[in-house]
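Residue numbers run from 1 in the order of the sequence given.
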Amino acid sequence: MTAEQIIGLSLALLVMCFGLAGSVLPGIPSTPLILLAAIGHRLWFGAASVGNWSLAILGALMALSLVMDYLASMAGAKRLGATWRGVLGAIVGGLVGIFFSLPGILLGPFLGALLFEMIGGREWKEAARAGLGAVMGLFVGALGKLACSTAMMGLFAFSVIVRSLNR
């Protein structure tokens with residue numbers, strides 16, 4: 001590996017670390033940022049970068065993490081008794097919560113599901129249970145994104161190093 005390739009790999013991994021942090025912190029894209037860093041590295045270094053199959057796997061992992069994150073919050077709310085109103089409230093609350101930093105991210109889905117369930121005529125206790133499910137689903141989704149982000153970074157680094165050493 002040349003010094004330029006080492007610096008390029010280090011910079012790509014640094015950007016990917018921001019994506020890794022984004023899997024648990026609000027306002028930072030997670031797996032899309034990791035994929036963009038890999039694509040940028042590929043465009044700059046060509047054949048000495050990540051391979052086509054690895055890029056395809058990175059894209060699939062990104063899509064999986066986004067779908068899993070969305071479905072986990074819905075499934076958590078549904079599992080603890082939310083109706084479609086609670087699921088919709090959790091989504092709306094999560095989107096509004098983004099603007100209120102970490103407390104908003106945690107409380108937004110809960111309050112959204114709670115509010116929408118209560119508007120739908122459910123008792124406070126049932127509505128709170130649906131909100132709790134939405135928050136639990138959020139945590140499961142964050143863990144899934146964290147796992148996908150870590151796998152993407154590992155696959156990228158391994159692919160780049162192997163391809164560079166084989167040249």
Side-chain angles (χ1 to χ4, degrees), residues 9-43 50 54-157:
L9 177 60
S10 299
L11 287 175
L13 288 172
L14 179 65
V15 171
M16 289 180 179
C17 284
F18 285 107
L20 183 68
S23 61
V24 291
L25 296 175
I28 302 172
S30 57
T31 53
L33 185 59
I34 294 172
L35 182 62
L36 283 174
I39 291 170
H41 190 273
R42 173 63 187 265
L43 291 173
V50 66
S54 295
L55 273 179
I57 293 170
L58 291 177
L61 283 171
M62 181 201 72
L64 173 68
S65 77
L66 295 176
V67 168
M68 184 175 36
D69 186 38
Y70 174 73
L71 293 179
S73 185
M74 284 184 11
K78 275 293 210 195
R79 175 156 271 206
L80 290 182
T83 64
W84 66 270
R85 285 182 192 89
V87 173
L88 179 62
I91 293 168
V92 170
L95 292 174
V96 171
I98 289 173
F99 299 106
F100 297 98
S101 189
L102 189 58
I105 293 294
L106 297 176
L107 290 175
F110 174 78
L111 293 175
L114 176 78
L115 180 66
F116 277 52
E117 288 288 352
M118 290 183 76
I119 289 171
R122 295 189 78 185
E123 294 293 321
W124 185 88
K125 193 172 184 176
E126 291 174 320
R129 186 174 156 98
L132 179 63
V135 172
M136 288 172 46
L138 234 164
F139 284 124
V140 169
L143 289 175
K145 278 196 312 189
L146 186 63
C148 285
S149 296
T150 304
M152 289 173 74
M153 289 176 66
L155 174 63
F156 170 78

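- Counting only N and O atoms by type, the side chains of Ser149 and Ser30 include no donor and acceptor under 3.5 Å apart.
- For the residue pair Ala38 and Val50, the shortest heavy atom distance occurs at O-CG1, 4.0 Å.
- Residue Leu58 holds its CG atom at 6.5 Å from OG of Ser54, rounded to the nearest 0.5 Å.
- Side-chain contact check for Met152 versus Leu35: some heavy-atom pair is nearer than 4.5 Å.
- For the atom pair CG (Leu88) and CD1 (Ile119), the distance works out to 10.0 Å, reported to the nearest 0.5 Å.
- The shortest heavy-atom contact between Leu146 and Ser23 is CD1-OG, 3.3 Å.
- In this structure, the separation between CZ on Phe156 and CE on Met16 is 4.0 Å, given to the nearest 0.5 Å.
- Rounded to the nearest 0.5 angstrom, Leu61 CG and Leu66 CG are separated by 11.0 Å.
- Pairs of residues two or more places apart, or lying in two chains, never qualify as ring-ring contact (aromatic ring centres under 6.0 Å, His included) while including a residue from residues 75-121.
- Closest heavy-atom contact between Met136 and Leu80: SD-CD1, 4.0 Å.
- Annotation: side chain of Cys148 is not in contact with side chain of Met62 (no heavy-atom distance under 4.5 Å).
- Arg122 is linked by a salt bridge (Lys or Arg N to Asp or Glu O under 4.0 Å) to Glu117, Glu126, counting only residues two or more places apart in sequence or in another chain.
- Nearest heavy atoms, Ala12 versus Ala37: O-CB, 3.9 Å.
- Of the inter-residue distances, the one linking Leu64 atom CG with Ile57 atom CD1 reads 12.5 Å to the nearest 0.5 angstrom.
- Phe18 is not listed as a side-chain neighbour of Ile34, based on a closest heavy-atom distance of 4.5 Å or more.
- Closest heavy-atom contact between Leu114 and Ala128: CD1-N, 3.4 Å.
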Any chance you could lay out the side-chain contact (heavy atoms from CB on, under 4.5 Å) test for Met153 and Leu20, step after step, and finish with the verdict? CA-CA 9 Å; Met153 289 176 66; Leu20 183 68; 3.9 Å; yes
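- Closest approach of Ala157 and Leu9 over heavy atoms only: CA-CD1, 4.5 Å.
- With contacts defined as side-chain heavy-atom distances shorter than 4.5 Å, the pair Arg42/Leu55 qualifies.
- Here CG of Leu155 is found 12.5 Å from OG1 of Thr150. Values are rounded to the nearest 0.5 Å.
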